[in-house]
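Notes follow once the structure below has been shown.
Note: hydrogens, waters and symmetry copies are ignored here, and every other heavy atom, side chains too, is used. Chain letters run A, B, ... following the sequence lines, proteins first and then strands; every chain starts at 1.
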Amino acid sequence: MKIVTWNVNSIKVRLPNVLEWVRANTPDVLLLQEIKCVDADFPALELRELGYEVHTHGQKTYNGVAFLSRLPVSDISRGLPGDDADDHARWIEGTVAGIRICGLYLPNGNGGEEKFAYKLRWMARLEARAEALLMDETPFVLAGDFNICPTAADVWDPPAFAGDALCRPEARAAWRSILNLGLTEAFRGLHPDRPKAWTFWDYQGAAWRFDHGLRIDHFLLSPAVADRLIACDIDRDARGREKASDHTPVWCAIGDVA
DNA sequence: ATGGTTGCAGCGCAA
């Protein structure tokens with residue numbers, strides 16, 4: 001099973017890129033972030049024509065996540081538990097082939113201490129959700145735009161980003177706390193030393209041209225799924241297309257149960 | 001150099 005995560009930064013603007021990429025790469029499950037539209041405005045017909053079940057958790061203007069699958073999906077659930085007052089559309093989960101797949105858009109956390117505090121609270125809820133799935137012994141995948149550069153190796157200019165919410169020690173500590181539940185980060189598990197493995201290049205400052213990137217889109221696997229991990233990689237090519245998102249797709253392949 | 005770019009929405013805000 002091939003699972004893809006991609007922050008598309010508006011599905012309305014990105015639809016041609018997404019359709020072309022899906023035709024060429026035929027993922028089984030496609031998790032999108034920042035669709036930036038309400039559910040009724042998501043271009044479901046176009047994706048159904050390519051063979052996908054379409055589930056969305058959208059909102060006006062900001063955020064919004066989608067869960068698309070060529071395989072049957074059951075028990076879709078929207079919203080990360082733990083705060084009924086949180087109205088950001090950042091979480092959608094569903095079961096495919098016995099795996100609970102969670103698509104997430106973690107808060108960026110820049111723009112003031114209130115926003116950073118929200119990010120940390122959201123990460124505490126994420127850890128609680130992962131713990132609950134582990135307790136249930138549910139095989140699961142957490143995938144999406146985590147807005148976290150786990151280490152200095154995941155940042156093009158570490159000193160310049162020292163105070164950025166994507167790199168701040170409290171955010172990295174929260175990330176490690178989640179990993180320390182016993183999860184496997186798919187990309188670094190398979191490519192521990194690959195340099196400049198970026199998944200995001202800012203629109204500003206010609207970041208793509210200079211290869212000034214960050215690695216912030218990730219897959220976290222529960223132990224049973226980690227045992228079945230075959231491959232995980234980043235499709236840089238999509239970032240170089242016309243009208244590209246500032247993020248590029250990241251994918252992983254999970255083998256069938258032996 | 002407190003800059004620059006994109007998207008939404010309708011102009012400042014979020015990223």
Side-chain angles (χ1 to χ4, degrees), chain A residues 5-21 31-43 46 56-66 79-80 83 85-92 103-123 126 143-150 154-168 170-172 174-175 198-218 234 236-250:
Chain A
T5 178
W6 192 2
N7 180 324
V8 293
N9 185 14
S10 167
I11 189 60
K12 183 181 175 186
V13 171
R14 216 66 61 206
L15 186 60
N17 303 55
V18 170
L19 292 177
E20 181 191 33
W21 195 89
L31 304 165
L32 304 179
Q33 299 90 38
E34 283 206 272
I35 61 174
K36 292 187 172 180
C37 66
V38 296
D39 294 340
D41 291 339
F42 189 88
E46 290 87 339
T56 57
H57 181 36
Q59 71 179 86
K60 188 172 144 71
T61 310
Y62 302 119
N63 310 315
V65 288
L80 179 61
D83 181 0
D86 183 1
D87 58 358
H88 290 204
R90 298 180 174 277
W91 179 271
I92 188 167
L104 66 95
Y105 175 45
L106 206 148
N108 177 294
N110 282 305
E113 284 310 305
E114 273 183 39
K115 289 186 176 176
F116 190 65
Y118 171 60
K119 177 178 197 162
L120 295 182
R121 289 198 306 275
W122 205 94
M123 294 186 78
L126 174 58
D145 176 0
F146 281 73
N147 270 316
I148 296 275
C149 302
D154 303 308
V155 190
W156 71 274
D157 184 353
F161 279 81
D164 192 283
L166 281 57
C167 299
R168 279 174 60 173
E170 307 96 308
R172 283 182 168 158
W175 162 266
W198 318 134
T199 67
F200 164 89
W201 296 257
D202 204 311
Y203 289 129
Q204 299 188 56
W208 170 249
R209 187 153 61 84
F210 295 118
D211 197 24
H212 291 169
L214 307 172
R215 194 175 71 91
I216 57 179
D217 300 272
H218 309 298
I234 302 161
R236 289 178 66 103
D237 291 348
R239 183 63 180 83
R241 301 282 176 146
E242 277 303 306
K243 292 293 287 180
S245 172
D246 41 4
H247 295 250
T248 213
V250 185

Whole-Å distance separating the CD atom of A:Glu114 from the P atom of B:dC13: 14 Å
With a 4.0 Å cutoff (strictly under), does any side-chain N or O of A:Lys36 reach OP1 or OP2 of B:dA14? no
Length of the CG-P vector between A:Asn108 and B:dC13, whole Å: 16 Å
Quick one: A:His212 NE2 to B:dT5 P, roughly how many Å, whole number? 15 Å
For the pair made of NZ in A:Lys119 and C1' in B:dA15, what is the distance, rounded to whole Å? 11 Å
Could you list the residues that satisfy salt bridge (Lys or Arg N to Asp or Glu O under 4.0 Å) with A:Arg215, not counting sequence neighbours? A:Asp154, A:Glu185
Please report the distance separating the C1' of B:dG4 from the corresponding atom of B:dC13, rounded so that it comes out in whole Å. 16 Å
Take atom P in B:dG10 and the same atom in B:dA1, then report the distance between them in whole Å. 37 Å
Euclidean distance, atom NZ of residue A:Lys243 to atom P of B:dC8 [Å, nearest integer]: 8 Å
For A:Lys36, enumerate each residue passing the side chain to side chain contact (heavy atoms under 4.5 Å, CB included) test, keeping only those at least two apart in sequence or located in another chain. A:Asn9, A:Ser10, A:Glu34
Could you note down all residue pairs passing side chain to side chain donor-acceptor pair (under 3.5 Å) where residues 156-166 of chain A supplies at least one of them, sequence neighbours left out? A:Asn110-A:Asp164
Does the side chain of A:Arg14 get closer than 4.0 angstrom to OP1 or OP2 of B:dT6 through an N or O atom? no
A:Arg90 near the nucleic acid: base, sugar-phosphate alone, or nothing, with a heavy-atom cut-off under 4.0 Å? sugar-phosphate
Is the distance from the ring center of A:Trp122 to that of A:His88 below 6.0 Å? no
Both A:Tyr105 and A:Ser10 contact DNA chain B. Which one's nearest nucleotide lies toward the 5' end? A:Ser10
Short side-chain N/O contact to B:dA14 OP1/OP2 from A:Thr61, under 4.0 Å: no
Is a donor on one side and an acceptor on the other found under 3.5 Å between the side chain of A:Trp6 and the backbone of A:His247? yes
Excluding sequence neighbours, so at least two apart, what forms salt bridge (Lys or Arg N to Asp or Glu O under 4.0 Å) with A:Arg168? A:Glu113, A:Glu170
Would you kindly give the NZ-to-P distance between A:Lys12 and B:dT6, to the nearest whole Å? 18 Å
Atom pair distance, as rounded to whole Å: CG in A:Asp164 and C1' in B:dA15: 10 Å
Report the nucleotide, chosen from B:dG7, B:dA15, B:dC8, that has the shortest atom-to-atom distance to any side-chain atom of A:Lys115. B:dA15
Test side-chain hydrogen bond (donor to acceptor under 3.5 Å, both in side chains) applied to A:Thr199 - qualifying residues, sequence neighbours left out: A:Asp217
Measure the distance from CG on A:Asp246 to C1' on B:dA14 and round it to the nearest whole Å. 11 Å
Check DNA chain B against residues 200-208 of chain A and give the residues with a non-hydrogen atom under 4.0 Å, in numerical order. A:Tyr203, A:Gln204
